[in-house]
Amino acid sequence: MTDRRARAAAAMIAALALAHADPAHAYLKFGVRLGNQTVTLKWAQVPVRYFVSTSNQNVPGVSLDAFQAAVGRAFATWQAVPTASVAYQFAGFTAGLPDEDDGMSTLGFRNRPELDRVLAQTDFLFDRATGALIESDIFFNSAFSWSVAEAGESGRFDLQSVALHEIGHLSGLGHSALGETEPRETGGRRVIASEAVMFPIAFAAGSIAARTLKADDIAGISDLYPDGDFAQLGSISGRITRNGQPLFGAHVVAFDPANGSMVANFTLNEQGQFSIAGLSPGPHVLRVEPLDDADLDSFFESTRSVDLDFRVTYLDRAVIVPRRGDSGSVTIEVARK
Amino acid sequence: MKRLAAGSCISLILGVAPAYGQAASSDPRRVEVSAGVEWQGRTSFGSRDANETTGSGGTFRLFSAASELTSVSGFAVRVSMPLIRRIAVEATGRYSTPDISTRVTSDVETSNAPITAAVHVKQFALGGAALWYPGVSLFGSRAMVFVRAGAAFDRRLEDDGTRVVDGTLIEAGGGLKYLLGSRRTGWWRALGARADILALARGAAASLDGRTHISPALGASMFVRF
């Protein structure tokens, strides 16, 4: 069994997410390429049992109980998605640390000051043959200041918000690109706004705006663990081209004018194909944009060439999403900047 | 010259009409069939912004979108049968092919907007209505005013049936029937023209925003009474 296991950190696993050869997936899910095949990482059995580490808990303002309560609220938020079957169960406290291959999915603090831009990180142990997750640990970097206050605290990062993002990874979701950023003078990027908890860059300290799942997050977790009325929803598939040639890594947003929601995905193969699932039946507007609001390695492995030289483009017709079906392939031609 | 010819034609049609002493639609024994065109005004589904959430919990507008069911001219067929004095019942069928259109504006990242993304739909409605003739006649009793109210089953096939949307259509309004000619024998007994002005209320199920919307409609048709 051991030789079938593999471990990867979230930042690196996200890079593996592009490995989908089959575009008939919604959202950005973690996947690993095994030979010519790609398998999606997900839990084969739910509820997912998790432990809270009692080690390294000397973080100012965050007691062990408050930590457990905050991550519990984050787990409950994912579990409450009515169209997804994923479930989680608090299994108890452990003296073990996150990032230990002990068969227990553990959440806790670790002091990693050298990771000066990493608030938290999720890593996995999974079965190489099936993609089934075996263990997933989350560490929160205690080199930063943290808050578990209901209304948040100025200058401290909201533990519940960051936990919500990391639990998305723990469940098998990659990063979303539904967000806008601008470069900081000191390096890195500042988030102006985002519409997905799974956007790879956190809001500034003090914000509690990322405690609520958005349509894109809900579509993603529901696509991984479909349940309830998810089967009643539909999808849009198609391809993105420039001068007739397929584009890899283009970000495609489906906007629902009925409710203002946005769900997005990327072109994920050499044919420039994309698929966006979990969409409400009805007309949608498609918008294509280059992936220029976060580091590319937040989404794709660094060896892949992602083309950013094209303008934001709308499809000049609305696309009808059928109930329990796909729109049929649409092609959007984009132009160089 | 053309105007003169057209005027002559109308005079001819009106000229064949004999004196029409009886009210145009008060004959309780006659079934009436009308067919014609109907223009339906646009139905606005309002605007929605594509909002993202800021760190303070506020909104950041990526772009704006306003959607509507475009105005359209279609066909309408009605079969009416007088029920009691001054009241008739009517079966109605409608067909039209408007667009569902979304206009995108104010995209913060591109000057490519505004753009309009539209999709073609086919719209059918089958229903019934009641007509009341208040006894107001015009043009020497050739024309009768009526008031009309009804309901219909409304089906919309979006993008050639990729999606089917069913709803209800409530209509209210009135109009005028003008008798062009009549006779006492033969398979038809009367010919005329009809004009309708209506308010159409499409139910929430057939709208994009889950609300009922009212749009105007104007109809012009010819009728035959048997």
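Letters A, B, ... mirror the listed sequences (proteins, then strands); counts begin at 1.
Nearest heavy-atom pair across B/V164 and B/R155 is CG1-NE, 3.6 Å. Closest heavy-atom contact between B/L180 and B/M222: CD1-CE, 3.6 Å.
Your options are B/D159, B/L62, B/V108, B/T116, and the one with the most heavy-atom pairs under 4.5 Å with chain A is B/L62. Options B/D209, B/D99, B/T102, B/T59 differ in how many heavy-atom pairs under 4.5 Å they form with chain A, and the most are formed by B/T102. Listed options A/P322, A/A209, A/G260, A/S194 were ranked by heavy-atom pairs under 4.5 angstrom with chain B; first place goes to A/S194. Contact tally against chain B (heavy-atom pairs below 4.5 Å) for A/E289, A/R287, A/K214: the top residue is A/R287. For chain B, the option among A/P281, A/P283, A/S207 with the highest count of heavy-atom pairs below 4.5 Å is A/P281. With chain B as partner, the option from A/G282, A/A204, A/A202 having the largest number of non-hydrogen pairs under 4.5 angstrom is A/G282.
Taking the side chain as every heavy atom from C-beta outward, A/I236 and A/L279 approach each other to under 4.5 Å. The shortest distance between side-chain heavy atoms of B/I100 and B/E158 falls below 4.5 Å. The shortest distance between side-chain heavy atoms of A/I240 and A/F310 does not fall below 4.5 Å.
With a threshold of 4.5 angstrom between heavy atoms, A/I320 approaches chain B through its backbone and through its side chain. Contacts of A/V321 with chain B are made by backbone atoms alone, with heavy-atom separations under 4.5 Å and no side-chain atom involved. Using a 4.5 Å cut-off between heavy atoms, A/V285 contacts chain B through its side chain alone, with no backbone atom that close. Heavy-atom distances place both the backbone and the side chain of B/T162 under 4.5 Å from chain A.
When each of A/D292, A/N265, A/T267, A/L178 is paired with A/H251, the side chain to side chain contact (heavy atoms under 4.5 Å, CB included) condition holds for A/L178 and for no other.
Cation-pi geometry between B/K177 and B/F146 is met: the NZ or CZ atom falls under 6.0 Å from the ring centre, inside 45° of the normal.
Under the ring pair (Phe, Tyr, Trp, His ring centres under 6.0 Å) criterion, the residue pairs touching residues 51-71 of chain B are A/F255-B/F63, A/Y314-B/F63, with sequence neighbours excluded.
Of all residues in residues 42-58 of chain B, those placing a non-hydrogen atom less than 4.5 angstrom from a non-hydrogen atom of chain A are B/R48, B/D49, B/A50, B/N51, B/E52, B/T53, B/T54, B/G55, B/G57.
Under the salt bridge (Lys or Arg N to Asp or Glu O under 4.0 Å) criterion, A/E182 pairs with A/R190, not counting sequence neighbours. The ring-ring contact (aromatic ring centres under 6.0 Å, His included) check on B/F124 picks up B/Y95, with sequence neighbours excluded.
In this structure, the ring of A/F274 has its center no less than 6.0 angstrom from the ring center of A/F266.
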